[in-house]
Visitor: 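Sharing a structure here in structure tokens format.
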Amino acid sequence: MSAKTFDLTARDETWVKRVLPVLKLVAKTYFRSEVRGMEKVPDGGALLVSNHSGGLLAFDVPVISVAFADEFGADRPLYTLAHDLIFTGSGKQIFGKVGFLPAHPKNAVAALRSGAATIVFPGGEWEALRPSSQSATIDFHGRTGYIRTALEAGVPIVPIVTIGGQETQLFLNRGDTLARFLRLDRLLRTDTAPFAFGFPFGLTAHLPPNIPLPSKLVTEVLDPIDITAEFGNNPEHDEVDQMVRKRMQHALDDLARARRFPVLG
């Protein structure tokens, strides 16, 4: 089955309800997650647009998913748009059962039109693997396709920001020069090959991934954005994107100012 025709019915509520307690234990205990404002997500289809942090083992998806289920119940569908690589082999079946979809516009629009909330991380691995020195920076790498998706599906955008993910290990650089040299854009569809320092492997170049440190993750859900109401029937996508990122950056700046210590929060 191709990314363009990924089956929404692959999501299995029984599997979701089995996995959620485990994710909640890790999110609430190990990462001491704190999520504010989840009640702002409106009923029906909504595109949750989040920054992405934590490297290859980013835990912002489970944190948001647990908070969403706590607020609305595990029966309300929540889909997550993800990189094609996680669907290789048995990954298609495993991740499909818990609501992951290949990050293709057709999948996103189908999920949203079905009335489901859907999470997208426009910055993808580019943002998740940014240097730790840029932990409080929103960087979508110029990607604005999420605006087109929200407009086509006729749903609001709900911005979400999380801080703490880039403290799960020390990301020294993004490694985009090395990635180009190794042609990773063609081999793995990634623009990054960063050097990072963590436990237990010390200094690594992308792989093997270190175990994330128990950094406190704090998440803020912002007010929904009705694009048509704010920008009219034919909005400039770049203008909308700039506004979305500006609001997210302002919120992330507030979280950064309130953070007293790395990892501890």
Visitor: Mind checking side chain to side chain contact (heavy atoms under 4.5 Å, CB included) for Arg18 and listing every partner two or more places apart, or none if nothing turns up?
Guide: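 Side chain to side chain contact (heavy atoms under 4.5 Å, CB included) list for Arg18, sorted by chain: Thr14, Trp15.
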Visitor: I'd like to check the side chain to side chain donor-acceptor pair (under 3.5 Å) partners of Asp75; sequence neighbours left out, ordered by chain and number.
Guide: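 Checked Asp75 against side chain to side chain donor-acceptor pair (under 3.5 Å); matches are Lys17.
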Visitor: Hey, could you give me each pair passing ring-ring contact (aromatic ring centres under 6.0 Å, His included) that has a residue in residues 235-265? Not counting sequence neighbours.
Guide: none
Visitor: Which residue pairs pass the salt bridge (Lys or Arg N to Asp or Glu O under 4.0 Å) test when at least one of the two sits in residues 229-240, sequence neighbours left out?
Guide: Glu230-Arg247
Visitor: Side chains of Thr162 and Ser53, heavy atoms from C-beta outward: is any pair under 4.5 Å?
Guide: no
Visitor: List the residues meeting side chain to side chain donor-acceptor pair (under 3.5 Å) with Tyr79, not counting sequence neighbours, and say none if there are none.
Guide: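 Once residues adjacent in sequence are excluded, Tyr79 has no partner under the side chain to side chain donor-acceptor pair (under 3.5 Å) criterion.
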Visitor: Do any pairs count as a salt bridge (Lys or Arg N to Asp or Glu O under 4.0 Å) and have a residue in residues 37-50, sequence neighbours left out, and if so which ones?
Guide: Lys40-Asp223
Visitor: Please list every donor-acceptor pair under 3.5 Å in which a side-chain atom of residues 19-29 meets a protein atom from a residue at least two apart or in another chain.
Guide:
residue, atom, partner, partner atom, Å
Lys24, NZ, Asp70, OD1, 3.4
Thr29, OG1, Leu25, O, 3.0

Visitor: Can you sort out the partners of Thr80 under side chain to side chain donor-acceptor pair (under 3.5 Å), two or more places apart, ordered by chain and number?
Guide: none
Visitor: Side chain to side chain contact (heavy atoms under 4.5 Å, CB included) with Leu57: which residues, sequence neighbours excluded?
Guide: Pro209, Pro212
Visitor: Sequence neighbours left out, what passes ring-ring contact (aromatic ring centres under 6.0 Å, His included) with Tyr146? Give chain and number order.
Guide: Phe140
Visitor: Show me the pairs that pass ring-ring contact (aromatic ring centres under 6.0 Å, His included) and involve residues 55-76, at least two apart or across chains.
Guide: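 Checked against ring-ring contact (aromatic ring centres under 6.0 Å, His included) - neighbours excluded - the pairs reaching residues 55-76 are Phe31-Phe59, Phe68-Phe72.
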Visitor: Test of understanding: with side chain to side chain donor-acceptor pair (under 3.5 Å), list the residues that count as partners of Thr168, not counting sequence neighbours.
Guide: none
